[in-house]
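See below for the structure under consideration.
All figures in this text were calculated on a predicted structure; none of them were measured in a lab. Quick note on labels: first sequence line is chain A, next is B, and so on, each numbered from 1.
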Number of protein chains: 4
Amino acid sequence: MHDKAAEPQIGRRRDPRTDAAILRATLELIAERGVHGFRTQDVAKRAGVGKGAIYRRHRSKDDLVMASVAALVDQEIVVPDTGSTRADIDALMHEAVELYRGALPGRLMPNLVSAMAERPELARAVREGFLVRRREALTAVLLRGVERGDLRRDVDIELVLDILGGPLFYRLLITGGPLDDQLAEGVTDLILRGFAPDKPTRARSTRTAKEHA
Amino acid sequence: MHDKAAEPQIGRRRDPRTDAAILRATLELIAERGVHGFRTQDVAKRAGVGKGAIYRRHRSKDDLVMASVAALVDQEIVVPDTGSTRADIDALMHEAVELYRGALPGRLMPNLVSAMAERPELARAVREGFLVRRREALTAVLLRGVERGDLRRDVDIELVLDILGGPLFYRLLITGGPLDDQLAEGVTDLILRGFAPDKPTRARSTRTAKEHA
Amino acid sequence: MHDKAAEPQIGRRRDPRTDAAILRATLELIAERGVHGFRTQDVAKRAGVGKGAIYRRHRSKDDLVMASVAALVDQEIVVPDTGSTRADIDALMHEAVELYRGALPGRLMPNLVSAMAERPELARAVREGFLVRRREALTAVLLRGVERGDLRRDVDIELVLDILGGPLFYRLLITGGPLDDQLAEGVTDLILRGFAPDKPTRARSTRTAKEHA
Amino acid sequence: MHDKAAEPQIGRRRDPRTDAAILRATLELIAERGVHGFRTQDVAKRAGVGKGAIYRRHRSKDDLVMASVAALVDQEIVVPDTGSTRADIDALMHEAVELYRGALPGRLMPNLVSAMAERPELARAVREGFLVRRREALTAVLLRGVERGDLRRDVDIELVLDILGGPLFYRLLITGGPLDDQLAEGVTDLILRGFAPDKPTRARSTRTAKEHA
DNA sequence: TAATAACCGAGACGGTACGTCTCGTCTTAGG
DNA sequence: CCTAAGACGAGACGTACCGTCTCGGTTATTA
């Protein structure tokens, strides 16, 4: 958003429907013509607003794109609690796969990456406003896994998070490989196996192996 | 290159130093201002050439970007063969970490990602001209690991490659986390442990643990 | 004025101080920045009112300009009657010189001219509401001069009026020459000499009449 | 013109046909839609050029209008020499009347006036580049008239020039009165009669002196 | 006294022209 | 035919301004 300052108490208030219409039109146009293929004038026309209304809210076209993406991904994350560490991780991973397999995030994420590289404050906003929530949810699940004896006590949580998320983004952004359940399950499986406690905790590891089979 | 056809035999010949200066200036400017943030005019000025010289060689700005990147990544990859699967993987991973920690590729990659998303031919060029070679080197090492009994015979090579590379790009592009040896070794370690053959449980895992320590 | 209709009998009445403040601010801003150089928003700010208050009174910016000018020039003209034709003309001419030498009308007039050229109704308003009164006063004086025998009976009053007023505006608007008493007296003198009755001077008036015919 | 500086010696030269096409299109559009009623984009389209070509030559729309006018009025003035002072003055006056009666100058002059009031350097340019030539031609004719004995030796040339030109502009800009031969001849006649040498008629000058006192 | 209606300042709104900027091409004088 | 410099046509961008509308609140007349 352009003005994060508190709303002025006098004068006509900004119409929230205009806010929404602008973001909505932007997302539609990005999906139709690509991030650099649409015109601000088209956004204005489709949203039924003037260009001024757009630029009052977003300081540039890039900013508009970013805000639209942010609005799109601004959703609650529920920490799953099925009783099974594997099932919990799987739930979050499948959710992520679903999200990025969608048309819009798939087209937007690459541009977001480039914008983040050039604008640190945007990078911070995306990380703190979006990634952190997913990472916190995963962290909660992983810590329960440790408590439950499914994961080693000295597991490097940061590393696990990057291994869970990395391949997903790698395929989305770089290799173009498939974002599917197989990926999600392959990674989850590796984590559970690779970071399983060393000890002779047989019963549990057996169960894990069974679930995999 | 714009004209791959045979060089004309008459008239003044193109100066190869001009070719190089253009590519070099382009890479610098991409790193400084991003793929969409630099201007062809700037490339001309920095390279000390006219815009004509650029467009005689590259048919568009995107083409110029592609050629520059191609020139950058056009380097040999040696497949390491130390006798130890872990050491071989580590060698390749450390090399990659070194590469992306460097100034130019590190700043180039985020911009490249966004450009790739919009230009499939650029994406293909980058994948085939650059990634594929690293992946093939890793694949060779992994297959030797399988032969050697360090990895399961049914290991999903594609998945392993994505798990090896994913976290690296994830930190570079998204989280901003550190690109260091700890990351490289953590991932290598996980792969070797997670995809270790099941049966000969004890001896091997012990050895693996030792190597890690 | 926007609504010439009778004031509504219910609701809050328009504040006459607001009426005046708007006109005053408009005139100041026209003088400062020209007819096309000021903004309605500036008028509102300087008058301490909202834009709505302006547009409730004037249907457009041009209308506002017109009303402001009308308010400015809405002044009585007294027809002088000293007994001397020369003194009467001089009185009116000096008054005019004084008026246009002043800051506001002097700066307003050039802008007004351009606005008049594009808006016939403004031109008419200025002519009828302002010029006509001066011209009528002069006409009265001139007709008395004719009766008194100071001017020829067949004098072209319109032409005399334009010769009296023209040089004044010419200097104000075009040449930038001085608006001073010397100008006023020079023109007055010429009129009295050039349009003096023929009789007392035989040779000359005959020749003039011939040439004119 | 935007850049009065010397043309750079290297690079492509500005196309003089583009210069002319822009001015031509501008004049046409002014005639069709008025000075403020046309759009720069329309000029570009009609001239078959890009907006850049316009703004490379003229720093603003107003500047473009002015340059167009300047091009229009940039014509040689020939000093007439018929042997008759009256005929010489008449020739110049009729020429001026013809000029300002035309559609374009008639529509442009008012705007020029307003622009001159706001931009002293424009005012100077118009005066020195255009008015001065007419005034010099008239001055030459008047001085010959003095030599010839048709005008008083002590005639105030500046005043005469303003009386000759003033009524013309007054009607054009203010009163909207007719610009016709009658006006030209009436003014010429008055000058010749009013500034005729005193000598042959002593009584007159005495009387005039008395009235003035 | 309460309801009603028009006023008020502030400022967001839709619309539209402006002037800037960049791309990829073309033109010039020269190597 | 190459080169550097820079003008060219095209068209999107972000700004500025107009005249309208909305907001919370005030003022005056009617009921």
* Just to confirm, is there a sub-4.0 Å distance from OP1 or OP2 of dC13(E) to any side-chain nitrogen or oxygen of Arg56(A)? -> yes
* To do: For residues Met109(A) and Val69(A), determine if any side-chain heavy atom of one lies less than 4.5 Å from a side-chain heavy atom of the other.
  => no
* Which residues pass the side chain to side chain contact (heavy atoms under 4.5 Å, CB included) test with Arg124(A), sequence neighbours left out? -> Glu121(A), Glu128(A)
* Heavy-atom side-chain proximity of Arg56(A) to Arg14(A) below 4.5 angstrom -> yes
* **Footprint string (nucleotides 24-31 of chain F, 5' to 3'): B base within contact, S backbone only, - free, heavy atoms under 4.0 Å** => SBBB-SS-
* Structure fact -> Taken to the nearest whole Å, CG/Asp15(D) to C1'/dG9(F) is 13 Å
* Specify the separation, in whole Å, of atom CG of Asp19(C) and atom P of dA6(E). => 18 Å
* Structure fact -> Here the residues of residues 31-41 of chain A within 4.0 Å heavy-atom distance, strictly under, of DNA chain F are Phe38(A), Arg39(A), Thr40(A)
* To do: For Ile54(B) and dT3(F), give me the distance from atom CD1 to atom C1', rounded to whole Å.
  => 13 Å
* Asked: Taking only residues two or more places apart in sequence or in another chain, which ones pass side chain to side chain donor-acceptor pair (under 3.5 Å) with Glu32(D)?
  -> Arg46(D)
* Structure fact -> Arg17(A) CZ to dC21(F) P, in whole Å, measures 15 Å
* dG19(E) phosphate, OP1 or OP2, under 4.0 Å from Tyr55(D) side-chain N/O -> yes
* Select from Ala53(B) and Ser60(C) the residue whose nearest nucleotide in DNA chain F is closer to the 5' end of that strand. => Ala53(B)
* Structure fact -> Taken to the nearest whole Å, CZ/Arg14(A) to C1'/dG11(E) is 10 Å
* Please identify each residue that fulfils side chain to side chain contact (heavy atoms under 4.5 Å, CB included) with Thr40(A), with sequence neighbours left out. => Lys51(A), Tyr55(A), Lys61(A)
* Report yes if at least one side-chain N or O of Arg57(C) is closer than 4.0 Å to OP1 or OP2 of dC8(E); otherwise report no. => yes
* With sequence neighbours excluded, what pairs up with Asp15(D) under the side chain to side chain donor-acceptor pair (under 3.5 Å) test? -> Arg17(D)
* Asked: Taking only residues two or more places apart in sequence, or in another chain, which ones meet Ala21(A) in a side chain to side chain contact (heavy atoms under 4.5 Å, CB included)?
  -> Ala47(A)
* Asked: Mapping Pro16(A) and Ala47(C) onto DNA chain E by nearest heavy atom, which one lands closer to the 5' end?
  -> Ala47(C)
* **Interatomic distance where NZ belongs to Lys45(C) and P belongs to dA10(E) [whole Å]** => 8 Å
* To do: Could you list the residues that satisfy side chain to side chain contact (heavy atoms under 4.5 Å, CB included) with Ala70(B), not counting sequence neighbours?
  => none
* Structure fact -> From CG of Leu64(C) across to P of dC17(F) the rounded distance in Å is 16 Å
* Asked: If you check every side-chain atom of Lys61(D), which of dG19(E), dC8(E), dC2(F) has the closest atom?
  -> dG19(E)
* Taking atom CG of Leu29(D) and atom CZ of Arg39(D), what is their separation to the nearest 0.5 Å? -> 9.5 Å
* To do: Take the protein atom CG of Asp42(A) and the nucleotide atom P of dG15(E), then report the distance between them rounded to whole Å.
  => 14 Å
* To do: Between Lys51(C) and Asp62(B), just flag the one whose closest nucleotide in DNA chain E comes earlier from the 5' side.
  => Lys51(C)
* ring pair (Phe, Tyr, Trp, His ring centres under 6.0 Å): pairs with one or both residues in residues 20-44 of chain C, sequence neighbours excluded -> His36(C)-His36(D)
